[in-house]
Number of protein chains: 2
Amino acid sequence: MAKAARRVTSADVARAVGVSRTTVSFVLNDRPGQSIPEETRRRVLEAAQRLGYRPHAPARALAAGRSDIVLLSLHSMTQGPTVTSVVEGLAAALAARRLTLVLHLGGEGTRPLPDVCAAVAASAVLGLEPFDAATSAALYEAGADVVLPTETDSLADYQREVGRLQAEHLIARGHGRIGYATPGIALAEPIANERLRGVGQACAAAGLAPPVVLTVDLEADSAARAVAGWRQEGVSAVCAYSDEVAVAVLAGLRERGLAAPDDLAVVGVEDMPTARLAGPPLTTVAFDSHALGRELADAVLEALEGRRYGLAADARHFRLIPRSST
Amino acid sequence: MAKAARRVTSADVARAVGVSRTTVSFVLNDRPGQSIPEETRRRVLEAAQRLGYRPHAPARALAAGRSDIVLLSLHSMTQGPTVTSVVEGLAAALAARRLTLVLHLGGEGTRPLPDVCAAVAASAVLGLEPFDAATSAALYEAGADVVLPTETDSLADYQREVGRLQAEHLIARGHGRIGYATPGIALAEPIANERLRGVGQACAAAGLAPPVVLTVDLEADSAARAVAGWRQEGVSAVCAYSDEVAVAVLAGLRERGLAAPDDLAVVGVEDMPTARLAGPPLTTVAFDSHALGRELADAVLEALEGRRYGLAADARHFRLIPRSST
DNA sequence: GCGCGTTGGTAACGCGCGTTAGTGAATGGG
DNA sequence: CCCATTCACTAACGCGCGTTACCAACGCGC
């Protein structure tokens with residue numbers, strides 16, 4: 001602790017090898033178009049390793065005018081094991097291109113996203129749902145080169161596909177009147193609306209009436225009231241916004257002395273770890289979250305290179321897992 | 001898009017006001033010991049606002065030798081709604097001191113933590129479980145000023161307290177032989193072991209035999225086997241590592257045609273959203289996650305100022321929520 | 001009038017790095 | 001033997017900022 005702990009700089013490496021700082025920089029950055037003899041390269045790398053040299057990121061960002069940071073914005077509703085998996089896929093794909101992913105969790109009292117973007121000097125800012133125009137503009141203002149996805153990206157297609165899969169499964173099981181269980185949470189609404197739209201499309205395609213939408217809080221009696229409402233309307237199966245909401249509906253049934261799937265079929269979304277442990281085990285729509293992460297990563301990388309990127313709903317990412325609740 | 005989009009610098013602000021860059025810096029950083037007339041201060045702030053000036057974080061970090069970034073390291077087991085809440089509390093408390101919190105989610109193929117620390121130039125690195133000596137050293141090497149918590153911090157006390165609360169509740173309910181359900185996951189083991197130790201202490205204090213430990217995967221039949229094992233040993237109540245594991249045990253009971261609490265009482269940890277929706281609603285240990293976040297924030301702030309910090313288990317943060325599974 | 005502290009500033013350095021423009025030596029072609 | 005090219009490498013600038021050292025003007029006591 002007595003040492004001043006001065007950091008090792010590229011000048012130290014240069015001095016150790018007996019070359020200029022420029023050469024060190026060329027070696028460490030694999031500068032294309034600059035021929036470096038193998039011997040020199042080796043000695044530089046060895047010295048850097050031996051001295052424990054690590055480029056100072058802020059200095060690098062300042063000089064180069066760009067950073068290696070990608071920021072992913074999350075909030076309490078874009079969370080859970082599935083998101084974890086998306087993040088892993090994304091981080092791994094970015095790491096392969098020497099980019100570092102960090103997360104920001106928005107919420108009460110936390111800093112506004114543009115501030116965070118500026119604080120880490122992110123070159124790209126990502127989200128799991130589209131940024132509106134004003135937010136995008138603020139992020140560009142804060143120094144981001146790429147903001148993704150925006151409203152023009154057809155990310156909403158993914159969510160509609162989810163709803164469609166849920167409804168088609170129930171319709172194939174012979175249900176003629178479908179309900180939809182939405183949580184009463186503002187943050188969830190953008191996604192909930194898209195999923196509901198997908199359910200509606202499937203119903204229309206099968207010649208059925210539009211789904212009966214009821215709000216279900218994560219409380220058994222709230223769910224019980226909704227269950228009563230659906231049964232009154234002749235609904236025999238409901239699509240839930242998420243597995244959590246689906247579990248609430250199961251609890252509502254239990255409270256009324258009823259059970260899925262005979263009294264009401266229930267299908268969720270996410271395949272959370274406890275979905276298969278519910279009573280009865282929950283039918284749900286899962287998605288290949290690693291693939292989704294990689295796809296997002298591809299889009300960022302394309303965009304960072306200044307090329308057009310494609311971000312389209314790929315139905316193969318989603319699949320319905322039939323269990324005993326339908 | 002035609003504009004070169006040059007960023008606004010403090011020199012632009014200085015020029016607009018007609019003062020030196022130094023003065024601008026003094027005003028924006030509230031430099032103590034430098035008297036600035038109210039009129040000048042006002043004009044600088046106004047110009048900065050009007051031009052949309054935002055200090056360039058990397059340049060600032062380079063010049064000042066420190067950054068405003070705090071990095072929190074998570075992995076798939078330190079995740080979920082409760083952690084979200086801890087993060088919110090932490091982020092809010094840090095934001096009040098002009099520090100920015102970002103998250104790193106470790107996992108397969110992601111960058112090593114020291115790399116991430118260096119990439120964002122974090123001045124502090126936090127975790128939800130202690131860093132071992134080697135990791136701490138690597139983080140300091142990577143430029144962190146503060147690493148927290150370490151093995152010398154009594155953070156483990158928190159986890160023991162959790163286990164103790166679970167066991168004491170069951171013992172108070174008259175159970176004489178206690179089981180422990182641990183997940184078969186390496187990442188969870190450090191915490192699981194501490195919680196188990198707390199359970200063991202409570203058992204010993206009540207003059208009971210040590211808990212019967214069985215591994216429970218998040219599958220109904222794995223849990224069913226464990227249930228059979230406990231009943232064979234005369235266990236009438238089990239503490240589960242988490243709510244998820246507890247829900248698995250409930251599923252295992254169901255598979256055997258049994259039910260909590262009569263055939264086996266079950267208590268979880270976390271109070272996840274679906275805990276109250278389980279069949280039967282789950283007794284669990286919840287904790288005041290916002291308070292935990294604030295406490296962590298206080299410790300970081302103290303440590304960043306170079307002062308000693310205290311990080312002690314406060315039992316008031318935890319409470320047992322009795323429901324119908326015990 | 002002079003010394004002296006305070007007020008309200010400024011000029012200039014350097015943080016660590018990427019990058020551009022060059023430079024001397026070796027090489028090859030005519 | 002001379003010129004052109006390639007090779008291997010370097011000097012020096014500037015990114016945007018915090019900070020230190022310094023300075024002119026002013027009031028005030030003597």
Side-chain angles (χ1 to χ4, degrees), chain A residues 4-44 47-48 51-69 98 118-119 121 123 142-143 145, chain B residues 4-44 48 51-69 98 118-121 123 142-143 145:
Chain A
R6 213 182 49 79
R7 62 158 44 252
V8 180
T9 75
S10 70
D12 295 328
V13 177
R15 204 172 310 119
V17 179
V19 296
S20 75
R21 219 174 44 66
T22 309
T23 301
V24 172
S25 175
F26 285 172
V27 169
L28 296 180
N29 295 335
D30 281 332
R31 179 158 235 267
Q34 180 71 21
S35 64
I36 307 257
E38 203 47 48
E39 169 64 9
T40 306
R41 171 187 306 277
R42 202 190 50 69
R43 284 168 57 214
V44 169
L51 297 178
Y53 171 65
R54 205 191 272 275
H56 188 50
R60 176 182 254 268
L62 178 58
R66 59 194 141 67
S67 83
D68 301 333
I69 299 290
R98 303 172 147 265
S123 58
D145 295 329
Chain B
R6 213 182 51 79
R7 61 161 44 253
V8 181
T9 74
S10 71
D12 295 329
V13 177
R15 204 172 310 118
V17 179
V19 297
S20 75
R21 218 175 44 67
T22 308
T23 302
V24 172
S25 175
F26 285 172
V27 168
L28 295 180
N29 295 334
D30 280 334
R31 179 159 233 268
Q34 180 71 20
S35 65
I36 307 254
E38 202 48 48
E39 168 64 10
T40 306
R41 169 187 306 277
R42 203 189 50 70
R43 283 168 58 214
V44 168
L51 297 178
Y53 170 66
R54 205 192 270 275
H56 188 49
R60 176 182 253 270
L62 178 58
R66 59 193 143 68
S67 83
D68 301 333
I69 299 291
R98 303 171 146 265
V120 298
S123 59
D145 295 329

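A, B, ... follow the sequence lines: proteins, then strands. Residue 1 opens every chain.
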Quiz item: With distance as the sole criterion, do the side chain of T22(A) and the base of dA11(D) form a donor-acceptor contact below 3.5 Å?
Solution: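 Such a pair is found, so the answer is yes.
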Quiz item: Do R54(B) and dG16(D) share a donor-acceptor pair, side chain to base, under 3.5 Å?
Solution: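 Such a pair does not exist between side chain and base.
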Give the minimum heavy-atom separation between [X] and [Y], together with the two atoms involved.
{"X": "Y53(A)", "Y": "L28(A)", "value": "CE2-CD1, 3.4 Å"}
{"X": "D68(B)", "Y": "R60(B)", "value": "OD2-NH1, 3.9 Å"}
{"X": "S67(B)", "Y": "S123(B)", "value": "O-OG, 3.4 Å"}
{"X": "T40(B)", "Y": "V19(B)", "value": "CG2-CG1, 4.5 Å"}
{"X": "R21(A)", "Y": "S10(A)", "value": "CG-OG, 3.1 Å"}
{"X": "R54(B)", "Y": "A118(A)", "value": "CD-CB, 3.5 Å"}

Quiz item: Atom CG of L28(A) and atom P of dG16(C): how far apart are they, to the nearest Å?
Solution: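 Checked: the CG to P distance equals 16 Å.
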Quiz item: Whole Å only: how far is the CZ atom of R6(B) from the P atom of dC15(D)?
Solution: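 Rounded to the whole Å, the gap is 9 Å.
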Quiz item: For T9(B), which contact category applies under a 4.0 Å heavy-atom criterion: base, sugar-phosphate, or nothing?
Solution: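 Here T9(B) touches the backbone only, sparing every base.
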Quiz item: What is the nucleic acid contact for T23(B), judged by heavy atoms within less than 4.0 Å: base, sugar-phosphate only, or nothing?
Solution: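 Here T23(B) touches the bases of the nucleic acid.
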Self-check item: Selected nucleotide, minimal atom distance to R21(A) side chain, candidates dA12(D), dT19(D), dT10(D)
Solution: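 So the side chain of R21(A) is nearest to dA12(D).
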Exercise. Measure from the side-chain heavy atoms of H56(A) and tell me the nearest of dG16(C), dT10(C), dG18(C).
Key: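 Given the options dG16(C), dT10(C), dG18(C), the side chain of H56(A) is closest to dG16(C).
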Quiz item: Which ones in residues 30-42 of chain A lie close to DNA chain D, meaning a heavy atom under 4.0 Å from one of its atoms?
Solution: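 Heavy-atom cutoff 4.0 Å gives Q34(A), S35(A), P37(A), T40(A).
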Quiz item: What are the residues of residues 59-68 of chain B, sorted by number, that bring a heavy atom to within less than 4.0 Å of DNA chain C?
Solution: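 DNA chain C contact set from residues 59-68 of chain B: L62(B), A63(B).
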Self-check item: side-chain contact (heavy atoms from CB on, under 4.5 Å) between R15(B) and L51(B), worked out
Solution: CA-CA 11 Å; R15(B) 204 172 310 118; L51(B) 297 178; over 6 Å; no
Find out whether [X] and [Y] are in side-chain contact, i.e. whether some heavy atom of one side chain is under 4.5 Å from a heavy atom of the other.
{"X": "V17(B)", "Y": "V24(B)", "result": "no"}
{"X": "R41(A)", "Y": "D30(A)", "result": "yes"}
{"X": "H56(B)", "Y": "L62(A)", "result": "yes"}

Quiz item: Any side-chain donor-acceptor pair under 3.5 Å between S25(B) and T22(B)?
Solution: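 There is no such pair between these side chains.
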Quiz item: At under 4.0 Å, does any side-chain N or O of S25(B) touch on OP1 or OP2 of dC17(D)?
Solution: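 So the side-chain polar atoms of S25(B) never come under 4.0 Å of the phosphate oxygens OP1 or OP2 of dC17(D).
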Practice problem: Please round to 10 degrees the angle between the axis of the first five pairs and the axis of the last five pairs in the helix from dG1(C)-dC30(D) to dG30(C)-dC1(D). | Solution: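 End-to-end axis angle: 50°.
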Quiz item: Considering heavy-atom distances to DNA chain D, does P58(B) or F26(A) have its closest nucleotide positioned more toward the 5' end?
Solution: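 So the residue in question is F26(A).
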